[in-house]
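Chain letters run A, B, ... following the sequence lines, proteins first, then strands; residues in each count from 1. When reading the values below, keep in mind they use all heavy atoms of this one structure, side chains included, and skip hydrogens, waters and symmetry mates.
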Protein chains: 2
Amino acid sequence: MHVRQLAKMLGVSPDTVRYYTRIGLLEPQKSIENGYKFYSPNEQNRLRFILSARDLSFSVDDIKQIFHKADEGESPCPTVRRLIDNRLHETEQRFQDTLRLRARMHTAVENWGGKPDKKPSGNVICHLIDEFTKTPE
Amino acid sequence: MHVRQLAKMLGVSPDTVRYYTRIGLLEPQKSIENGYKFYSPNEQNRLRFILSARDLSFSVDDIKQIFHKADEGESPCPTVRRLIDNRLHETEQRFQDTLRLRARMHTAVENWGGKPDKKPSGNVICHLIDEFTKTPE
DNA sequence: GTAAACCTGTGAGTTAGACACAGGTCAATC
DNA sequence: GATTGACCTGTGTCTAACTCACAGGTTTAC
């Protein structure tokens with residue numbers, strides 16, 4: 001199975017598959033006559049796993065670690081449990097940040113609704129942004 | 001005012017100031033004897049504006065556009081209103097994505113609590129991840 | 001045989017900075 | 001005046017997770 005076919009089967013772009021291959025997460029065989037890469041059922045399964053892990057926000061480097069454990073025959077589960085703990089904290093942080101940002105943006109847009117456009121003057125570049133910063137509420 | 005002093009004054013890292021300078025958002029004068037960059041009060045004001053815009057999720061490229069308008073003497077406000085509309089959509093999207101991700105991760109961790117570690121076998125790399133994907137609820 | 005459509009791998013570009021590093025500057029000491 | 005050490009500078013390179021550009025190989029239709 002070549003790159004485009006595999007990508008289509010699992011619903012990702014060929015470039016994504018090429019990327020995972022480039023960094024060593026996938027190790028397809030190289031056709032001698034073609035130079036084209038050939039993905040075996042085992043590689044297909046690995047890609048499926050990568051996508052599942054990605055959906056839980058595991059990073060590519062995390063997945064490398066998981067594969068490393070598994071390739072040595074050890075259980076990757078402790079690693080997985082440890083890693084998701086970090087990812088969970090990150091996600092929580094990002095969630096809170098995004099929540100605050102969203103509120104700030106909504107306030108700004110609302111705030112700007114009744115204000116006119118103005119030309120820049122002196123040290124005011126855009127009075128919407130400048131004034132909003134000074135009165136965050 | 002040199003880079004470190006300016007950075008400290010506005011609470012960012014010198015590298016951040018250098019970055020904005022490198023991409024042309026700031027245009028300090030270059031000392032002839034030193035080669036060191038000198039930031040005038042006007043540049044200080046520009047940096048303050050950049051940070052305000054950044055806090056509303058405007059991208060560096062957005063800010064470039066805003067500066068471009070303002071430098072031509074036109075009102076950047078219409079640009080600002082148009083741009084924040086895009087950023088608001090992005091933020092909303094990111095918020096929803098993060099919300100879903102967070103829920104998925106919580107479900108996974110809960111789910112894994114009662115499950116043992118297992119060694120990889122056949123085409124199962126980590127049963128926690130593999131099985132969770134198959135039963136998302 | 002040839003033309004067009006399609007596919008490939010590799011190299012480079014993307015964001016918003018962080019980090020490494022060779023060298024310049026300045027005050028304090030000898 | 002020379003020298004040490006602390007501090008500062010600009011520039012080049014690196015990051016994550018891909019995406020895009022591109023030169024060239026392959027396959028199919030005529």
Side-chain angles (χ1 to χ4, degrees), chain A residues 1-39 43 47 49-67 83 86-87 90-91 93-94 97-98 101, chain B residues 1-39 43 47 49-67 83 86-87 90-91 93-94 97-98 101:
Chain A
M1 189 175 277
H2 291 169
V3 61
R4 182 167 296 266
Q5 197 181 348
L6 173 59
K8 192 168 183 185
M9 187 175 89
L10 295 185
V12 294
S13 81
D15 277 329
T16 298
V17 177
R18 288 195 189 100
Y19 172 64
Y20 293 148
T21 303
R22 203 176 327 207
I23 62 173
L25 276 189
L26 298 175
E27 294 176 319
Q29 290 178 335
K30 229 175 168 177
S31 161
I32 297 173
E33 55 174 325
N34 249 351
Y36 288 10
K37 282 152 185 166
F38 183 82
Y39 295 85
E43 294 304 312
L47 178 53
F49 182 86
I50 292 170
L51 299 180
S52 297
R54 193 185 63 167
D55 278 351
L56 283 168
S57 88
F58 288 102
S59 73
V60 158
D61 197 71
D62 292 343
I63 300 172
K64 260 187 198 168
Q65 292 184 46
I66 296 168
F67 277 175
L83 287 172
N86 302 337
R87 299 299 156 245
E90 284 174 15
T91 302
Q93 187 64 52
R94 191 148 40 90
D97 290 350
T98 309
L101 171 62
Chain B
M1 188 174 279
H2 291 169
V3 59
R4 182 168 296 265
Q5 198 181 348
L6 173 58
K8 192 169 182 183
M9 187 177 91
L10 295 185
V12 295
S13 81
D15 277 329
T16 298
V17 177
R18 289 196 189 100
Y19 171 62
Y20 293 149
T21 304
R22 200 174 332 204
I23 63 172
L25 277 187
L26 298 175
E27 293 177 321
Q29 290 177 336
K30 230 177 166 174
S31 160
I32 296 173
E33 54 174 325
N34 248 352
Y36 287 10
K37 281 151 186 169
F38 183 83
Y39 295 85
E43 293 304 312
L47 178 54
F49 181 86
I50 293 170
L51 299 180
S52 298
R54 193 184 64 167
D55 279 350
L56 284 169
S57 88
F58 287 102
S59 74
V60 159
D61 197 72
D62 292 343
I63 299 173
K64 260 188 197 167
Q65 293 183 47
I66 295 168
F67 277 175
L83 287 172
N86 302 337
R87 299 299 158 246
E90 284 173 17
T91 302
Q93 187 64 52
R94 190 148 41 90
D97 289 350
T98 309
L101 171 61

Starting at CG of A:D62 and ending at C1' of D:dA17, how long is that distance when rounded to a whole Å?
13 Å
Check this one for me: any side-chain N or O of A:T16 less than 4.0 Å away from OP1 or OP2 of D:dA17?
no
Considering only C:dA16, D:dT9, D:dA17, which nucleotide approaches the side chain of B:S59 most closely?
C:dA16
By nearest heavy atom, map A:K37 and B:R18 onto DNA chain C; which one lands nearer the 5' end?
A:K37
Rounding to 10°, can you tell me the angle the first-five-pair axis of the helix from C:dG1-D:dC30 to C:dC30-D:dG1 makes with its last-five-pair axis?
40°
Of all heavy-atom pairs between B:Y39 and B:H2, which one has the smallest distance, and what is that distance?
CD1-C, 4.1 Å
Over how many whole Å does the gap from B:D61 atom CG to C:dT14 atom C1' extend?
11 Å
Please report, rounded to the nearest Å, how far the P atom of D:dC8 is from the NE2 atom of B:H2.
12 Å
Less than 3.5 Å apart, any donor N or O on the side chain of B:D97 or B:Q93 sitting next to an acceptor on the other?
yes
Can you tell me the distance, in whole Å, between the CG atom of A:L26 and the C1' atom of D:dC18?
14 Å
In terms of the nearest nucleotide of DNA chain C, which residue is placed more toward the 5' end: B:Y36 or B:F58?
B:F58
Rounding to a whole Å, what distance do you find between A:Q5:CD and C:dC6:P?
16 Å
Testing the basics here: between B:S13 and B:A7, what is the closest heavy-atom pair and its distance to 0.1 Å?
C-CB, 3.7 Å
With respect to the phosphate group of D:dT19, does any side-chain polar atom (N or O) of A:Y19 fall under 4.0 Å of OP1 or OP2?
no
Rounded to the nearest Å, what distance is computed from the CD1 atom of residue B:I23 to the P atom of nucleotide C:dT15?
9 Å
In whole angstrom, give the distance that lies between atom CG of A:D15 and atom C1' of D:dA17.
12 Å
Check this for me, if you would: do B:D15 and B:R18 make a salt bridge, where the nitrogen-to-carboxylate-oxygen distance has to be below 4.0 angstrom?
yes
Round to the nearest Å and state the distance from A:K64 atom NZ to D:dA17 atom C1'.
12 Å
Scanning both residues in full, the closest heavy-atom pair of B:F38 with B:P28 reads O-CB, 3.2 Å
Determine the minimum heavy-atom distance between B:D55 and A:L101, stating which atoms define it.
O-CD1, 3.6 Å
State whether the number of non-hydrogen atoms from other residues, nucleotides or ligands found under 6.0 Å of B:Q29 atom CD is greater than 12.
no
Mind checking if A:F38 touches a base, just sugar-phosphate, or nothing, with heavy atoms under 4.0 Å?
nothing
base_contact_polar (C:dG17 base, B:R22 side chain, donor-acceptor, <3.5 Å):
no
Using only side-chain N and O atoms of B:R54, determine if any of them is under 4.0 Å from OP1 or OP2 of C:dG17.
yes
C:dA18, OP1 or OP2 - any side-chain N/O from B:S13 closer than 4.0 Å?
yes
